[in-house]
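Quick caveat, the model's predicted, so the values are computed rather than measured. In what follows, every heavy atom counts, from backbone to side chain, and hydrogens, waters and symmetry copies are set aside.
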Amino acid sequence: MEKNKIFLGICCCLFVLGLQAQSGWTREAKGFYLQASASYFSSNDYFTTEGRLADQGSEFRTGGLLLYGEYGISNRLTAIVDLPVVKFNSFSTTETVAGVGNIQLGVKYKLLKNFPLSLQVAVDIPSNDGTNFAQSKNANAFGEFDEINLPLSDGEFNIWTTLAASHGFKNGKTYASAFSSINFRTEEFSNQFQAGVEVGHLFFDKLYLIGKLKVQERLSSENNVQSGSFLFGEGTTFTNYGVTSMYKVSDHFNLVAQYSDYAGFLVNRKNIYDGGTVSLGISFEY
């Protein structure tokens, strides 16, 4: 029984790491989890809204510091907060803009008492109106400095509804999970659909390795007037895959490293910069 509790606790930790992975498990009553992580991404390979690869000439860069927390209100109900404390965007030809990203607040409810199937509802709260202009580093041919909007927030509310199921295998060291999500967007943005799977295994009773796969599709075939910037996510589709490692330093502390990237073998990449994201973090659970 104690072994199973440890296994489930580790699983709960893993599902908050990157790729917006989801699980059917919830936290025990009064149990909590905190994680701080830093991430970085850079690329000059842009896929247009038609799915065509275009080298934009300058490199896009983004990253930041993220704080994430979960608290078990009851054994079947978990509160969630996702806070990008510092987020930065830039091109290699522009200055860097920085600030707070969208704040996400949510709750997850375990639907079945004896099987890890959960329903999660989360609200993305915009941190600003979607306007953050960055100035070019060099003047143009007319001696003027250009400006480009590199929003840190899409300026609109999102409501994520996620159904997830999980399974822990009898060896006590392996799990699998699958989820599907719908993002209801406001301000005339198109709604989005996501689905994903992941499998994890515990090695040496200390190191977890997890493989993840996620796709995103657009739930509207109509063009949208809000599609000016890829940072608004309008019309963005992709296949995302990644690998996460979590090393258990003690009963309460974990070290986390993750790499994720995009591909087009299931869903075409559209309105997105293609490249790998690296993140490192530390977590505490009780």
Test log, rule side-chain contact (heavy atoms from CB on, under 4.5 Å), inputs F91 and L150: CA-CA 9 Å; F91 282 99; L150 296 178; 3.5 Å; yes
side-chain contact (heavy atoms from CB on, under 4.5 Å) evaluation trace for K270 with T49: CA-CA 5 Å; K270 294 183 180 181; T49 54; 5.7 Å; no
Test side-chain contact (heavy atoms from CB on, under 4.5 Å) applied to L213 and L266, step by step: CA-CA 10 Å; L213 182 67; L266 291 176; 3.9 Å; yes
Step-by-step side-chain contact (heavy atoms from CB on, under 4.5 Å) determination, F32 to F284: CA-CA 8 Å; F32 66 87; F284 176 83; 3.5 Å; yes
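You'll find the side chain of F179 stays beyond 4.5 Å of the side chain of E198, heavy atoms only. Side-chain contact between L66 and S39 is absent, with no heavy atoms from C-beta onward closer than 4.5 Å. Proximity of L231 to L152: side-chain heavy atoms (C-beta onward) are nowhere separated by under 4.5 Å. Between F60 and F41 the shortest side-chain heavy-atom distance falls below 4.5 Å. You'll find the side chain of K30 reaches within 4.5 Å of the side chain of Y71, heavy atoms only. Inter-residue side-chain proximity for F88 and Y40 is flagged as met; some heavy-atom pair is nearer than 4.5 Å. Within the 4.5 Å cutoff, side-chain heavy atoms of K212 are placed close to those of T244. Using a 4.5 Å cut-off on side-chain heavy atoms (C-beta onward), H201 and F203 make contact.
When all heavy atoms of G155 and E187 are compared, the pair lying nearest together is O-CG, 4.3 Å. Across all their heavy atoms, N44 and E59 have their closest contact at CB-CA, 4.0 Å. Heavy atoms only, all atoms of each residue included: T26 and Y109 are closest at CG2-C, 4.3 Å. Shown here for F232 and F189, the closest heavy-atom pair between the two residues is CB-CE2, 3.7 Å. Of all heavy-atom pairs spanning V85 and V100, the tightest one is O-CG2, 3.5 Å. Closest non-hydrogen pair, F47 versus G51, comes out as CD2-O, 3.6 Å.
Proximity of a side-chain donor or acceptor of D82 to a complementary backbone N or O of L105 within less than 3.5 Å is not detected. Looking only at distances, no side-chain donor or acceptor of T62 sits under 3.5 Å from a matching main-chain atom of N89. Side-chain atoms of T93 do not come within 3.5 Å of backbone N or O of S136 as any donor-acceptor pair. N183 places no side-chain N or O within 3.5 Å of a backbone atom of N191 that could act as its donor or acceptor partner. Using modelled atom types, one side-chain atom of T78 and one backbone atom of R27 make a donor-acceptor pair closer than 3.5 Å. At distances below 3.5 Å, not a single donor-acceptor pair connects side-chain atoms of Q135 with backbone N or O atoms of F145. The closest donor-acceptor contact from the side chain of T162 to the backbone of S181 lies at 3.5 Å or more, if one exists at all. Side-chain atoms of Q192 come within 3.5 Å of backbone atoms of G233 as a donor-acceptor pair (strictly under, hydrogens ignored). Here the side chain of R76 pairs a donor or acceptor atom with the backbone of K110 at under 3.5 angstrom. K108 contributes a side-chain N or O that, together with a main-chain N or O of W25, makes up a donor-acceptor pair within less than 3.5 Å.
The pair D205-K248 fails the salt-bridge criterion, with no side-chain N (NZ, NE, NH1 or NH2) lying under 4.0 Å from an Asp/Glu carboxylate O. Ion pairing between R218 and E234 holds under the 4.0 Å rule for side-chain N and carboxylate O.
Clustering ILVMFWY residues whenever any of their side-chain heavy atoms sit less than 4.5 angstrom apart, transitively, puts I282 in a cluster other than the one holding Y68. Residues L280 and I210 fall into different hydrophobic clusters, defined by Ile, Leu, Val, Met, Phe, Trp and Tyr side chains chained together at heavy-atom separations under 4.5 Å. A single hydrophobic cluster is not seen to contain both V215 and V199; linkage of ILVMFWY side chains at heavy-atom distances under 4.5 Å, directly or through other members, places them apart. Placement of I159 and I182 within a single hydrophobic cluster is found when ILVMFWY residues are connected by side-chain heavy-atom separations under 4.5 Å, directly or transitively. Hydrophobic clustering keeps L255 apart from Y208 (ILVMFWY residues linked when any side-chain heavy atoms are closer than 4.5 Å, directly or through intermediates).
When the shell of 6.0 Å around CG of L163 is examined, it contains more than 12 heavy atoms from other residues, nucleotides or ligands. Few gaps surround NZ on K206; more than 12 heavy atoms of other groups in view lie less than 6.0 Å from it. Residue Y286 qualifies as open at atom OH: its count of foreign heavy atoms under 6.0 Å is 12 or below.
Atoms CG and CG, on D124 and N102 in that order, are 5.5 Å from each other to the nearest 0.5 Å. Taken to the nearest 0.5 Å, the CD atom of Q258 stands 4.5 Å off from the OG atom of S279. A distance of 4.0 Å separates CD in Q216 from CZ in F238, rounded to the nearest 0.5 Å. Expressed to the nearest 0.5 Å, how far OG1 of T239 lies from CD of E217 amounts to 8.5 Å. Annotation: the span from T236 atom OG1 to Y262 atom OH amounts to 8.5 Å, rounded to 0.5 Å. To the nearest 0.5 angstrom, F230 atom CZ is 9.5 Å from I272 atom CD1.
No hydrogens or angles considered: a donor-acceptor pair under 3.5 Å links the side chains of T186 and E156. Between the side chains of D146 and N140, at least one donor N or O sits under 3.5 Å from an acceptor N or O. Side-chain contact check for S166 and S177: at least one donor-acceptor pair (N or O, by modelled atom type) lies under 3.5 Å. With 3.5 Å as the limit, one finds a donor-acceptor pair spanning the side chains of N271 and Y46. At a cut-off of 3.5 Å, with distance as the only test, a side-chain donor of N254 or S283 sits close to an acceptor on the other residue.
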